[in-house]
Visitor: 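Below is the structure I would like to discuss, written out as structure tokens.
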Amino acid sequence: MKSRVFFFFFISVLLMQQRGWSNGDSPSPKILILNSYHQGFPWTDSIVKKIQESFNQENAQVDIYIEYMDTKRYLSPEYFKQLFNTYRYKYSSIAFNCIISTDDDALNFLIHYRSSLFGDTPVVFTGINRLNVPETIDRNFFTGVMEEESPAGTIKLIIQLHPDIKKIYVLTDYTTTGRARYDSIKEIIPQFSKIEFCFSPDLPADEVFNEISRIDKSIPVLVLAFFRDSTGKNFSYKEAGRLLDKYAKGPVYTVAVNYLRLGVIGGVLNSPEKQGTEAALLVSRILNGESTANIPVIRDVNNSTVVDYHEALEKEVNISLIPDDAEIINKPPDFFDFIIRNKTYVMTLVLIFLSVTVLILAISIMVVMRINGQRKRIVSDLANALLEVKTLSGLLPICSSCKKIRDDSGYWSQIEQYLEAHSDAEFTHSLCPDCAKKLYPDIFTDEEKK
């Protein structure tokens with residue numbers, strides 16, 4: 001949220017100051033971005049992109065020229081002289097309003113050749129590792145943003161995630177960036193008296209990484225920089241990351257943000273986007289008439305603790321030890337993250353679920369009502385059936401002579417008629433043996449009559 005507020009504040013400043021940059025038909029301000037490294041180098045590309053985004057806003061019109069010195073591959077006094085001749089040929093007829101330099105080599109070049117190439121053009125530097133720069137530059141022409149990395153913060157993170165460690169292996173090269181980071185580590189070693197620091201030698205890459213492969217997996221590796229080995233062979237971030245992933249057995253940490261997602265667990269890291277935004281804001285102040293001498297060098301760029309969740313798990317780091325304020329990348333989304341990121345699909349599924357639930361409830365209610373109706377009909381049928389059940393009980397008045405029975409109305413009926421009327425019994429006529437002998441004596445013998 002703070003970064004968004006700052007960005008919108010910055011854009012409003014640019015829009016308000018645009019009138020001071022260009023009046024009437026005056027040409028747009030011209031800015032040269034002089035990069036130490038090559039196009040395609042992630043740190044450089046991120047800074048340049050952020051600078052361009054900052055100025056490519058409505059009414060914030062500037063002409064931007066971009067140069068890449070390629071000093072990760074070529075770095076010598078002779079090479080600087082060649083660049084001097086090239087830039088003098090290209091830009092002798094162009095008057096720049098401001099120059100932005102990225103990283104140490106471009107600043108060193110401008111310290112030596114700015115006045116000869118660009119006269120009194122003010123310079124805004126970014127990504128500077130050498131801590132003594134503000135005290136050694138001419139503040140009448142130079143200001144900028146320090147790349148104040150936090151090696152102490154990264155070491156504290158390592159100790160927090162590995163409480164029992166006694167040793168840290170530091171991988172560095174001897175490029176301008178590597179030497180600056182090496183010096184910054186050397187200065188803070190006394191703060192960590194219980195930790196032994198072992199630095200990689202200035203050897204060919206094969207020997208350096210073979211040494212790393214022999215390090216016990218309990219010893220973390222701290223990567224400062226590895227862009228060039230002792231033979232002059234160059235390595236990109238990805239190439240160095242692949243070598244570390246292949247040879248390092250234990251956890252790997254860094255002070256450089258571009259090693260993230262290359263097998264590194266994390267560190268307390270700077271942001272190239274913040275560097276670019278801060279530099280563009282300083283340029284806008286210069287274009288509006290402020291002197292570099294009155295614009296303080298920015299040192300605090302709010303480095304952030306970043307941890308790669310996947311790599312931490314891979315190296316058996318106790319996840320519960322990760323600082324609460326750390327930015328965690330590559331973490332599987334939890335339930336609420338999933339809902340927020342997929343709210344459209346979740347709402348659709350919820351509506352479908354609710355619709356199906358309502359349909360099932362409606363069908364269930366109809367079935368229950370039908371069953372209840374059937375139950376009522378069955379109860380009614382049973383009640384009616386019970387009413388129709390005929391039973392005989394109590395005293396029956398019967399004639400002692402003819403055996404007729406008197407009903408409730410006083411009428412005398414044959415016994416069979418009465419029983420048929422008052423029960424479900426049906427009669428069929430027959431003769432008992434005694435009556436048969438009386439009625440039909442001729443068919444019985446004397447013996448049978450007895």
Side-chain angles (χ1 to χ4, degrees), residues 27-49 51-52 55 62-130 132-134 136-147 173-180 225 227-236 272 275-276 279-280 282-283 286-287 292 297:
S28 299
K30 292 179 172 57
I31 297 172
L32 172 64
I33 302 177
L34 183 61
N35 298 293
S36 296
Y37 311 136
H38 53 278
Q39 188 173 15
F41 190 74
W43 172 270
T44 299
D45 289 349
S46 296
I47 292 178
V48 171
K49 181 180 179 182
I51 293 171
Q52 290 176 312
F55 286 114
V62 294
D63 290 337
I64 297 178
Y65 297 73
I66 302 176
E67 288 288 345
Y68 296 91
M69 295 175 62
D70 202 12
T71 59
K72 287 295 183 188
R73 302 185 178 108
Y74 311 100
L75 183 62
S76 67
E78 293 75 22
Y79 179 62
F80 270 29
K81 290 178 181 177
Q82 292 288 342
L83 290 176
F84 170 81
N85 291 327
T86 300
Y87 297 154
R88 183 171 59 181
Y89 177 80
K90 291 178 67 173
Y91 299 120
S92 59
S93 61
I94 298 177
F96 289 107
N97 298 85
C98 190
I99 300 172
I100 301 175
S101 72
T102 69
D103 295 283
D104 295 77
D105 293 330
L107 177 60
N108 291 338
F109 179 86
L110 289 170
I111 289 173
H112 288 89
Y113 297 109
R114 176 194 59 84
S115 60
S116 300
L117 287 172
F118 308 110
D120 292 337
T121 304
V123 174
V124 172
F125 55 79
T126 66
I128 302 305
N129 299 107
R130 289 184 292 116
N132 65 340
V133 161
T136 59
I137 56 175
D138 186 347
R139 292 283 284 107
N140 291 310
F141 300 101
F142 290 86
T143 190
V145 187
M146 299 294 293
E147 185 187 337
D173 62 14
Y174 294 89
T175 59
T176 303
T177 300
R179 285 195 300 269
F227 302 114
R228 188 184 306 125
D229 67 3
S230 63
T231 67
K233 183 178 180 180
N234 296 306
F235 296 86
S236 67
Q275 293 273 320
L282 295 183
V283 171
I286 292 171
L287 295 179
T292 56
V297 173

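Position 1 is the first residue of the sequence; numbering continues from there. Just so you know, these numbers come straight off a predicted model, no measurement behind them.
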Visitor: Between Thr71 and Asp105, does any side-chain donor sit less than 3.5 Å from a side-chain acceptor?
Guide: yes
Visitor: Looking at Thr292 and Arg139, would you say the former's side chain and the latter's main chain have a donor-acceptor pair under 3.5 Å?
Guide: yes
Visitor: Output, in order, the C-alpha distance, side-chain angles, deciding distance and verdict of side chain to side chain contact (heavy atoms under 4.5 Å, CB included) for Phe142 and Arg114.
Guide: CA-CA 10 Å; Phe142 290 86; Arg114 176 194 59 84; 3.7 Å; yes
Visitor: Calculate, to the nearest 0.5 Å, the distance between atoms CZ and NZ belonging to Phe41 and Lys72 respectively.
Guide: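 Here the rounded value is 4.5 Å.
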Visitor: Using the side chain to side chain contact (heavy atoms under 4.5 Å, CB included) rule, take Thr102 and Trp43 through it: C-alpha gap first, then chi angles, then the decisive distance, then the call.
Guide: CA-CA 9 Å; Thr102 69; Trp43 172 270; 5.7 Å; no
Visitor: What do the steps show when you test Thr44 against His38 for side chain to side chain contact (heavy atoms under 4.5 Å, CB included), and what is the final call?
Guide: CA-CA 8 Å; Thr44 299; His38 53 278; over 6 Å; no
Visitor: For the residue pair Pro134 and Val297, what are the closest heavy atoms and their distance?
Guide: CG-CG1, 4.1 Å
Visitor: For residues Phe96 and Tyr65, establish whether the separation of their ring centroids is below 6.0 Å.
Guide: yes
Visitor: For Pro272 and Ile47, work out which heavy atoms get closest and say how close.
Guide: O-CG1, 3.5 Å
Visitor: Once rounded to the nearest 0.5 Å, what's the spacing between atom OG1 of Thr126 and atom CD1 of Ile51?
Guide: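 Separation between the atoms: 6.0 Å.
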Visitor: Testing Leu110, Ile137, Val145, Ile100 for side chain to side chain contact (heavy atoms under 4.5 Å, CB included) with Phe125, which one passes?
Guide: Ile137
Visitor: Could you tell me whether Tyr74 atom OH has more than 12 heavy atoms of other residues or ligands within 6.0 Å of it?
Guide: no
Visitor: Determine, step by step, whether Leu287 and Ile31 satisfy the side chain to side chain contact (heavy atoms under 4.5 Å, CB included) criterion, reporting the C-alpha distance in whole Å, the side-chain angles of both residues, the deciding distance to 0.1 Å, and the verdict.
Guide: CA-CA 10 Å; Leu287 295 179; Ile31 297 172; 4.3 Å; yes
Visitor: Could you state the interatomic distance from CG (Leu107) to CD1 (Ile128), rounded to the nearest 0.5 Å?
Guide: 4.5 Å
Visitor: Evaluate the side-chain proximity of Val123 to Phe118: yes if any heavy-atom separation is below 4.5 Å, no if none is.
Guide: no
Visitor: Taking atom CZ of Phe109 and atom CG of Leu75, what is their separation to the nearest 0.5 Å?
Guide: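 It is 12.0 Å, given to the nearest 0.5 Å.
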Visitor: Treating Ser36 as the side-chain partner and Asp103 as the backbone partner, does any N or O pair qualify as donor plus acceptor under 3.5 Å?
Guide: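 Yes, the answer is positive, given that a donor and an acceptor are paired below the 3.5 Å cut-off.
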Visitor: Provide the closest heavy-atom pair for Ser116 versus Phe84 in the form atom of the first, atom of the second, distance.
Guide: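 Reported closest heavy-atom pair: CB-CE1, 3.8 Å.
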Visitor: State, yes or no, whether a side-chain contact exists between Tyr91 and Leu117 at a heavy-atom distance under 4.5 Å.
Guide: no
Visitor: Does any non-hydrogen side-chain atom of Tyr87 lie less than 4.5 Å from one of Met69?
Guide: yes
Visitor: Here's a test for you: under side-chain hydrogen bond (donor to acceptor under 3.5 Å, both in side chains), which of Asp173, Asn234, Thr175 qualifies with Arg228?
Guide: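 With Arg228 as partner, side-chain hydrogen bond (donor to acceptor under 3.5 Å, both in side chains) holds for just one option, Asn234.
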Visitor: Considering all heavy atoms of both residues, which atom of Ile286 and which atom of Pro122 are nearest to each other, and what is their separation?
Guide: CG2-CG, 3.7 Å
Visitor: Are the side chains of Tyr37 and Thr177 in contact, using a 4.5 Å heavy-atom criterion?
Guide: yes
Visitor: Will you find, in the side chains of Ser28 and Asp63, an N or O donor that is under 3.5 Å from an N or O acceptor?
Guide: no
Visitor: Could you tell me which non-hydrogen atom of Gln39 sits nearest to which non-hydrogen atom of Tyr68, and how far apart they are?
Guide: N-CD2, 3.3 Å
Visitor: Check Ser101 against Ala106 and note the closest heavy-atom contact, atom names and distance.
Guide: CB-CB, 3.9 Å
